[in-house]
Amino acid sequence: MKYFISILFVIISIISGFSQGSLSGKIIDSKTGQGLANTNLWIRELRVGTSSDNDGKFVFNNISEGKYNIQVTFIGYSDTIITTQIVNNKSTNIEIGINPFSIEMPTVIVTATKNERNIKDIPNRIEVINSKKIENFAGTNVDDFLRSLTGVNVDRFSGIYSKSASITLRGINSAQRTLILLDGIPMNKTDGGSINWNRIDPENVEKIEVIKGPISALYGSNGISGVVNIITKEPSLLNGGDVSVSYGTFNTVGTRARYNFSKIKENKGFFGGVSAFYRQGDGYILYPDSTRDSTDIKTYLREGVVQGRVGYQFNSNSKIVAEYGYFDDKRGDGIRIYDTDGGYSKFSTHFAKLAYNGQFGKYKMNIYGFLQRENFHQQKENLKTDKLPPFAITQYVLYGTFSHRDDNGIQMNISRAISKHHYFTGGFDFKTGSVDASDIYYTSTDVVSNLGSMNFYALFLQDEASFFNEHLKIIAGIRTDLVKFYHGQFLMDEPTATTSVLATTVGNLPEDTWNAISPKLSVQYRISEKARVYISAGKGFRPPMLDDLCRNGNISKGLKLANPYLKPEKINSYEIGGSWQIFKNFNLEPTVFYSLGTDFQYFVGTGDSIFAGAKMKPILKRENIGEAEIYGAELAFNWDITKNILFEANGSYYHSIIKKFNVTGYVVNDLTGKTLMEVAPYQANASLWWKSKYFNLAMGYHYKAPQWTNDENTIQANYFSLFDVKISRTFKEKYKISLSVENLLNDIYLDEKGVLGIGRFIMLEIIFKFK
Amino acid sequence: MIKNKYRRYFGTLIDMHILSYPLLFLIIILFFFSCKNKSEEPPTLTFNSETGYTASDRVVAIGLPVKIGINGLSSNAPITNFVITLTTENGTETALDSGLYTNNLQFVKNISYGASSWEKWTFTIMDKNRNKSTKTITLTKDTNSVFGLINYFPSIKLGCQNNSTFGSFLYPENGYVCFADSTDAIQNNIYIITYYALLNVPPTDYTFGSPSDNDVTTYYPNINNWTLPRNEVRYKFDSLTVSPQQFDLAYNDSLIISNYTSATVGKRKFKSARPGYVIPFEITAGAMIGKRGLLKIISTSGLEDGFIEFAMKIQK
């Protein structure tokens, strides 16, 4: 839950009361002094809640002695936490003033140091999306909201009909270089480093914390360009839930249900919740009329997720939570030649987590165990015909990919306050990932398989210290990683000419072990309450992925060959930034950075090509190409124009080139000086939120400059701009209706493969909340 | 005691029961193994036995045309792969390895018996569940049969697209060479065409093609106006094993038909011809359909304005 601690606005008067021990008071608007009815209050330690009456008054009875954090939430106002003490079972009366909601980022985050910290105490570029933004702005997937952040490059060309999305940060291509966490658990698969964004329901997200720059000192591999931590909502403040239905473009229908419960009494007891989501749609045809033929069909979609969480609170400082979820989907790829299902992709994912959070004296400990088991199945059809009449079929290929990917691990961190201004954190991570996959050809006898496993072991330490009355803050961290690759195999059974090009690396692959030490040092000077400046330097580390080590096979760009001799890549990054409240309610955040990647992993063309689908595509291989240089600038500001009108905007510039190209041999062209593909040199965003008495209106604009789509910089994707609008209204705190329009202007683009973007997407949703 | 008690009333039944245990077990086992899952039933493959078709092993003369009709039928998963291979004393060639999607396959394979002592033709169909059915027909050479006569052209020069000295179009029946601008009226006689393939992706160089080659109209646009279907030649593009010396010594078509068999899968162009190559070919469309030959590359010269010099031996 988002916290906005506003001690200045709390007026506390303690009055001796009845011996039973009660906590009572009044919730007021801190600016007008008016009492606020139907405000929700929640005592975190006791997991009990109540609502204020028509005058804003509330009461909690039977409260025993102790110190309690009370969370106050009310539509249109910032979530507020105040701390109060119940003494000698006396009654306590307090008055709590809360602020009208601001789109300004919440001040407390977890991801940067693995501890709750005020965002202004972290010497790094950080952006946060809170649940209010997710509820009020247009977007159907979690990554849609990331697009509004500075310089975050989101590639989801077909909207919800895309198999997944790709997120990159800081001018560095490849989604595998951005670490994605779900409540602190890494989601990047060891096989290919990708994420299945579709399995995260945005309605379950409380906030998203994005830390830019290498974060390997805390999180290890994949954290080359930064980290995105998706933090889900805790089981509801009160027993209850909600049900929703939605209907949108392309006959897209969805329904969702959630229920949470709490049986905690006197800091002990069970709590939990379940949620389920289902959506289906007819889709659209991916190709324009000019290139369409009889094999093009609509890209259908069917997906659902069910998950549950149950926990037990031992006392006010410790709890254990178990969680399980299952995601299943099927998405057509828009082509059907002969097979009834045509081409499609399908994920079936089990995910589970067991977490313990506790405090023992001065030590705070978190332990997480997790597993993610993904079964991926894909069917592909492609056809080649003669160019001359009677256009005889010269080749028809139908094959299925069956991939089983496991990622399991355990993480532990312990923190201790050495003093009020000195904090120490340490811990270890262990993770094991594996893949067992096959391409089974139905139109020939070929069966191509790849297997591989990788273990990750890590220890990390972090020291945080403040000096000169918190004006100077230093955070130093270091992490050592050991990664072992083993059981690698690439096998071909009954091969024919169809897969002969893949027979470059067959059999057992050599094992390998890599280690790295990733330090980071960040220093911040707080000039005043309104201004701060920081400097940060860090090193990132990323080992090769199993897919690059073990698999020869098809990718969207063409065909890739395995490279079992691929080595880890490293990056050194330096950043200077700050924040400045220029005038009341107007905040400015500039950042400049420089990064140098070494042994940079990159797809390069081998000079050969192959028929794949209806056209020739290049044969590629991932190599350690040498050095990549990335530098850039980011600027963001937010402005609360009035109490009800909030505006924010940001822009970024990235210069990302291959500085040194060391690959020789089969490669045709030297890529020195080429721009990294799939990096947008310029991006800009703007959003406006208007809260009126009758409705909420949110608008967002996003622009992305053209980016190169191949290593030789000869094919460029068009620029990309989106204008989204969402209008919503809540009735009696129970019913909410919203209408969102993504891509209001219906700007339809063609990507480098000649595929149409999704265009305008309209969604109507009705939500009913119950207790 | 209990047994005796029950035996008094149910003796016969008990005896039967004791005896039936193994029988029952056997029946269950047989049932289990005989009742296959529908998805495990392979498709059925049969040969057409109508007049004119060969449906079983037989003795044939060299060059004798043999027609085999293949019928494949699947009641559940469609047939997705069809493979034809030819095995002789020289090894195995794959004549066809094709992807398809049908529950009812009907295919005719036309064979011209080659130079081997025997030819074993194997036909395999596989459905989407990867269940297969295979059948073979073995042809044995009639020992009284003889090889056919050939025409020999010791030196032919075909120019590339910008060559103004040597024409690029060849009539292999008589070795007649002509330029593009004089071929429209005699298009039915043109089979072999040469060009220097700089415009191809990826670019190659000295190329043999034919009127049905997908890229030939890039270099000779007049062919776009020719009547369809156009003449076609297919060239063996790999496993070139004939030496120039063997080519020189060939006096009948034995070398030709042993190097371009009924199983050979040729392409409509041969890229990057080099001196010393001996390239088997077959005419696959046009009045000369079925004629096979060999091209021995003697020399190449120039670029788009260059030429290819070669010798040709072709069945009469």
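Just so it is clear, the values below take in all heavy atoms, side chains as well, and ignore hydrogens, waters and symmetry mates. Proteins get letters first, then strands, A, B, ... in listed order; numbering begins at 1 in each.
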Does a sphere of radius 6.0 Å around CZ in A:Arg336 hold more than 12 heavy atoms from other residues, nucleotides or ligands, not counting ones at 6.0 Å or beyond? no
Pairwise distance CG(B:Asp127) to OH(A:Tyr442) - rounded to 0.5 angstrom: 11.0 Å
With sequence neighbours left out, the residues meeting side chain to side chain contact (heavy atoms under 4.5 Å, CB included) with B:Leu73 are B:Thr44, B:Asn104
Is it the case that over 12 heavy atoms from other parts of the model lie below 6.0 angstrom from the NZ atom of A:Lys298? no
Sort by residue number and list every residue of residues 212-224 of chain B having at least one heavy atom under 4.5 Å from chain A. B:Ser212, B:Asn214, B:Asp215
Under 4.5 Å, counting heavy-atom pairs only, tell me which of B:Arg268, B:Lys132, B:Lys128, B:Arg230 racks up the most with chain A. B:Lys128
Could you name the residues of residues 83-95 of chain B that have a heavy atom within less than 4.5 Å of a heavy atom in chain A? none
Are there more than 12 heavy atoms of other residues, nucleotides or ligands under 6.0 Å from atom NZ of A:Lys330? yes
Indicate the ring-plane relationship of B:Tyr101 and A:Tyr338, choosing parallel, tilted or perpendicular according to the 30° and 60° boundaries. parallel
Which pair of non-hydrogen atoms, one from A:Thr445 and one from B:Arg130, has the smallest distance, and what is that distance? O-NH2, 2.7 Å
On a heavy-atom basis, the closest approach of B:Asp97 and A:Ser444 is OD1-CB, 4.2 Å
So which residue, B:Leu228, B:Ile79, B:Thr124, B:Leu100, ends up with the most heavy-atom pairs under 4.5 Å with chain A? B:Leu100
Could you look at A:Thr498 and say if it's the side chain, the backbone, both or neither that has a heavy atom under 4.5 Å from chain B? neither
Listed by number, the residues in residues 398-405 of chain A that come under 4.5 Å of chain B (heavy atom to heavy atom) are A:Leu398
Do you know the tightest heavy-atom contact between B:Met126 and A:Tyr441? CE-O, 4.0 Å
